[in-house]
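Data first, discussion second: the structure below is written as structure tokens.
In what follows, chains carry the letters A, B, and so on, assigned in the order in which the sequence lines appear, proteins first and then strands, with residues in each chain numbered from 1.
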Amino acid sequence: MSTLSPQSYKGTRDYYPEDKRIQNFIFNNWKRVSMRFGYEEYGAPLLEPLDVYAAKSGQELANEQTYSFTDRGGRTVAIRPEMTPSISRMVAARRQEMAYPARLFSIANFMRYERPQRGREREFWQLNVDIFGAEGALPESEIIAMGAEFLKVFGATDDMYVIRINNRKVINYMMAQYLGLDAIQAQLMIKLFDRKNKISNEEFRDQAIDIFGESMASSGLAKISALLSAKSMAELPGEIRESSAVKEVQELFTLLERAGVKNAMFDITLMRGLDYYTGTVFEFFDLHPDNNRSLFGGGRYDGLVGLFGAEQISAVGMAPGLTMTELFLQTHNLLPKLSSTTEVYIVVLGEDTLKGAMAVAANLRNEGVNTELDITGRKLDKQLKTAIKKDIPYIIFIGEDELKSEVYSFKDTVSSEEQKLSFERIISTVKDRRHAHVDDFDDLFE
RNA sequence: GCGAAUAUAGCUCAGUUGGUUAGAGCGCCGGGUUGUGGUUCCGGAGGUCGUGGGUUCAAUUCCCAUUAUUCGCCCCA
């Protein structure tokens, strides 16, 4: 008989208080920036009919990577592997009465049946920001500028990452008109471009030849090399440069420059896997050598709302993930030391002081101070160590003297400084600290 | 789904050329002295060596399977 394992299910994580602190720190900053840009929070069900994903998310994601099952009523449902279809469904359901452009965000968990590895878990958390019913390049530049803000709010600077931008229309034009590929060839070529940075030039060339076939290979390769050697949009082959698709991209770059986003670059090899993108696609890419990978991305997906029987509503969205953000912050040393949400730990000294200490604790709580009272009766150093282990920023020592004088020994556990303070001064000191650590706290937003 | 590496105490790891009671550091718990910890003294608990099977007089050690973790591929962000 095997005993129960204390391990969490493969690919999932337990969030102990010290982990949850980091999670909340990131979530709170996401929330703050989203709200600052005028986005409102929404929620969606954990389960959706499997069909919602089968339609557009991509074959692999829907068929291989969902956690799906048949419910007691015989319906095939899936734990959401992403948010975009759900929010599209919600917008479709209220398409008439919504106020457009609709700016929406959510922070939620998702599951995908994948092989876990660095930066990739089976259960993961994502912020989703989407704007519905806004045409042209403006909503795209707004979303990308928000993406930059999501990194900047944690202290990231422009040299830490780059924003790669492409456009599905450019890709389609390139594949069909420029390279003259049919649909099947185009699909293979898109995958090949996607892997370009992972394979050698020789492998890339050999696989490209396979896709083109004998007759087209030499002219096809020449065209690809003309594409890849272009360092900027201006250097693209004239045929592509003059296409309306590239003009859209140019417009976006003009807007981004105006918004102060400096580290964006056009990358014709950027593809992105999800089938529902119809225009701009982009990725925020970490430049640190230890973490050289995509942080998050998004794009325009104009067709998705229309799938739910409504008229088409344009949409642009982006989804930063918790795991990658955490790795980014760790790699760049941007994670601050986070303390407990409990602000004051009361150390009780002496035999008959607990009753008085309880009264002080109650008064602190009435003033809105998060207070833990030591009820163990243990020796002073044990109580003290407990408070420090919990990363509680302040300790109040309460003995007979303090109860009599109503002046308390008040210790800052980070600086080790200790002073005698009145109840009122304690309250104001704790609250001053709280305002200096706005990011750590949920309650300011609820 | 494919390939590789790893699995010994809470953590980081030693060790056993197959042999009786399996080790260290840190951590944890208790006690002494202190109205003050992260840098005191003394003591203690905790491991059927990932799990199952095989070979052997004998397996933590060798073999097979399995599970988990890590890295990579596929995929994706």
Side-chain angles (χ1 to χ4, degrees), chain A residues 1-13 16 53 57-66 81-84 110-122 124-128 147 164 190-192 194-195 198-199 203 270-275 277 281-286 290-299 317-325 327-328 337 345-351 353 374 376 378-392 394-403 408-420:
Chain A
M1 254 335 258
S2 66
T3 56
L4 290 171
S5 166
Q7 253 184 349
S8 68
Y9 169 70
K10 186 183 176 77
T12 65
R13 265 186 73 182
Y16 290 90
Y53 306 106
S57 296
Q59 290 295 315
E60 175 102 13
L61 182 55
N63 297 338
E64 316 287 342
Q65 297 188 348
T66 52
E82 56 166 339
M83 190 55 105
T84 310
F110 304 90
M111 296 199 78
R112 290 185 190 177
Y113 195 84
E114 288 189 283
R115 189 79 154 220
Q117 51 189 281
R118 181 179 163 88
R120 176 87 13 111
E121 291 161 310
R122 285 185 170 183
F124 57 98
W125 296 77
Q126 278 189 349
L127 164 70
N128 278 259
R164 298 158 61 193
I190 285 172
K191 300 262 185 239
L192 182 60
D194 220 8
R195 273 183 295 142
K198 288 185 174 179
I199 62 181
E203 281 175 278
L270 176 67
M271 297 290 146
R272 286 182 71 82
L274 297 174
D275 292 343
Y277 290 116
V281 289
F282 59 88
E283 268 181 7
F284 283 66
F285 200 87
D286 193 347
D290 294 349
N291 202 41
N292 211 294
R293 60 204 297 163
S294 170
L295 292 165
F296 56 88
M318 171 174 71
L322 175 70
T323 315
M324 286 311 305
T325 302
L327 277 175
F328 177 83
K337 174 132 179 57
Y345 192 91
I346 297 181
V347 169
V348 182
L349 305 164
E351 296 282 304
T353 41
D374 194 302
T376 62
R378 289 176 304 177
K379 295 202 173 76
L380 188 155
D381 62 328
K382 304 286 182 198
Q383 296 189 41
L384 183 60
K385 278 182 184 172
T386 302
I388 284 154
K389 200 168 182 180
K390 292 185 180 198
D391 295 315
I392 295 172
Y394 296 117
I395 294 173
I396 299 177
F397 296 93
I398 294 187
E400 281 174 34
D401 298 348
E402 282 81 0
L403 288 176
Y408 306 93
S409 296
F410 181 79
K411 186 183 182 94
D412 181 322
T413 58
V414 178
S415 69
S416 297
E417 281 166 23
E418 190 169 332
Q419 45 188 329
K420 302 272 185 187

**Prompt:** Just by modelled atom types, is the A/Leu380 backbone N or O under 3.5 Å from a matching donor or acceptor in the A/Gln383 side chain?
**Reply:** no

Suppose you measure atom [atom1] in [N] against the same atom in [M]; what distance do you get, rounded to whole Å?
| N | M | atom1 | value |
| --- | --- | --- | --- |
| B/U61 | B/A77 | C1' | 43 Å |
| B/U39 | B/U33 | P | 23 Å |
| B/G47 | B/C11 | C1' | 14 Å |
| B/U55 | B/C13 | C1' | 30 Å |
| B/A9 | B/C26 | C1' | 12 Å |

What residues, two or more places apart in sequence or in another chain, satisfy ring-ring contact (aromatic ring centres under 6.0 Å, His included) together with [X]?
| X | answer |
| --- | --- |
| A/Tyr345 | none |
| A/Phe410 | A/Tyr394 |
| A/Phe124 | A/Phe110 |

Please report, rounded to the nearest Å, how far the [atom2] atom of [N] is from the [atom1] atom of [X].
| X | N | atom1 | atom2 | result |
| --- | --- | --- | --- | --- |
| A/Lys379 | B/U33 | NZ | P | 7 Å |
| A/Met324 | B/C76 | CE | C1' | 12 Å |
| A/Glu114 | B/C71 | CD | P | 14 Å |
| A/Lys191 | B/C74 | NZ | P | 11 Å |
| A/Glu121 | B/C76 | CD | C1' | 14 Å |
| A/Gln117 | B/A5 | CD | C1' | 15 Å |
| A/Tyr113 | B/C75 | OH | P | 19 Å |
| A/Phe110 | B/C76 | CZ | C1' | 15 Å |

Residues in salt bridge (charged side-chain N to carboxylate O under 4.0 Å, His left out) contact with [X], at least two apart in sequence or another chain:
| X | result |
| --- | --- |
| A/Glu203 | none |
| A/Lys420 | none |
| A/Asp286 | none |

**Prompt:** Quick one: which of B/U69, B/G30, B/C75 gets closest to the side chain of A/Arg120?
**Reply:** B/C75

**Nearest-neighbour nucleotide for the A/Arg118 side chain, B/C28, B/C71, B/A77 considered** = B/C71

**Message:** Any salt bridge linking A/Asp374 with A/Lys382? Criterion: basic side-chain nitrogen under 4.0 Å from a carboxylate oxygen.
**Reply:** no

**A/Glu418: partners by side chain to side chain contact (heavy atoms under 4.5 Å, CB included), with sequence neighbours left out** = A/Phe397, A/Ser409, A/Lys411

**Fill in**
Sorted by position of nearest nucleotide on RNA chain B, 5' first, the leading residue of A/Lys420 and A/Gly321 is A/Lys420

**Item:** For RNA chain B, the dot-bracket pattern of Watson-Crick and G-U pairs whose distances stay under 3.5 Å, | for other-strand partners
**Value:** (((((((..((((.....[...)))).(((((.......))))).....(((((..]....))))))))))))....

**Message:** With a 3.5 Å cut-off and heavy atoms only, can you find an N or O donor on one side and an acceptor on the other between the side chain of A/Arg115 and the base of B/C74?
**Reply:** no

**Request:** Using a 4.0 Å heavy-atom cut-off across all strands, classify A/Arg378 as base, sugar-phosphate, or nothing.
**Result:** nothing

**Prompt:** NA contact type, A/Gly298, heavy-atom cut-off 4.0 Å: base, sugar-phosphate, or nothing?
**Reply:** nothing

**Message:** Can a side-chain donor-acceptor contact be found between A/Thr386 and A/Arg378 if the only test is distance below 3.5 angstrom?
**Reply:** yes

Every protein N/O lying under 3.5 Å from an N/O of nucleotides 36-38 of chain B:
from, atom 1, to, atom 2, distance (Å)
B/U36, O2, A/Lys411, NZ, 2.9
B/U36, O2, A/Glu418, OE1, 3.0
B/U36, N3, A/Glu418, OE1, 2.7
B/U36, N3, A/Glu418, OE2, 2.9
B/U36, O4, A/Glu418, OE2, 2.6
B/G37, O6, A/Ser416, OG, 2.4
B/G37, N1, A/Thr413, O, 3.3
B/G38, O6, A/Ser416, OG, 2.7
B/G38, N1, A/Ser416, OG, 3.2

